[in-house]
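Treat the numbers as computed from the prediction; the structure is a model and nothing was measured. Positions are given from 1, in the same order as the sequence printed here.
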Amino acid sequence: EAGPIRRRVLDAQSRLQIVRVKMARPEAQNPANQDALNVELQTAQQAYYDALRDVRNASPDYRLALQRDRRDSCCQN
């Protein structure tokens, strides 16, 4: 499972880098282009965050830590 998730993270990082390069170009200063690039950037950022969340959620250590936190917080009352 880790392989495809890592691939998604790398793909999302690549998309973010491509959008950032596009935003640095002179034609990106055109207001019509800015709107489209902002949407593209938001989409790329969301894909990256989603991929990182999936990496975190796939981690057995992370899931174990969440279970401990939940158990500790419910027992302190």
Side-chain angles (χ1 to χ4, degrees):
E1 183 179 348
I5 295 173
R6 286 188 190 134
R7 171 88 327 234
R8 282 183 51 216
V9 171
L10 292 175
D11 290 346
Q13 285 175 328
S14 295
R15 282 194 303 261
L16 275 172
Q17 186 61 31
I18 289 168
V19 174
R20 288 180 179 136
V21 167
K22 287 180 182 180
M23 293 181 96
R25 293 182 181 155
E27 58 269 15
Q29 301 309 312
N30 180 335
N33 292 340
Q34 285 179 347
D35 290 340
L37 285 172
N38 283 333
V39 168
E40 192 175 348
L41 178 63
Q42 289 174 352
T43 301
Q45 286 175 328
Q46 188 62 53
Y48 181 63
Y49 297 143
D50 290 346
L52 289 179
R53 181 196 62 226
D54 291 344
V55 166
R56 184 187 66 220
N57 289 338
S59 166
D61 292 334
Y62 178 78
R63 289 194 307 263
L64 182 62
L66 282 179
Q67 288 173 350
R68 284 188 203 143
D69 288 347
R70 287 181 187 142
R71 184 181 56 229
D72 292 346
S73 66
C74 76
C75 297
Q76 290 179 0
N77 293 333

Sorted by chain and residue number, the side-chain contact (heavy atoms from CB on, under 4.5 Å) partners of Thr43 (sequence neighbours excluded) come out as Val39
Side-chain donor-acceptor pairs under 3.5 Å in residues 10-18, sequence neighbours left out?
from  : atom 1 : to    : atom 2 : distance (Å)
Asp11 : OD1    : Arg7  : NH1    : 3.2
Ser14 : OG     : Leu10 : O      : 3.1

Sequence neighbours excluded, the answer for side-chain hydrogen bond (donor to acceptor under 3.5 Å, both in side chains) partners of Arg56 is Tyr62
Residue set satisfying side-chain hydrogen bond (donor to acceptor under 3.5 Å, both in side chains) with Glu40, at least two apart, ordered chain then number -> Lys22
Residues passing the side-chain contact (heavy atoms from CB on, under 4.5 Å) test with Asp50, sequence neighbours excluded, are Arg8, Gln46, Arg53
Here the side chain to side chain donor-acceptor pair (under 3.5 Å) pairs for residues 26-36, sequence neighbours left out, are none
Of all heavy-atom pairs linking Val9 and Ala51, the shortest is CG2-CB, 3.6 Å
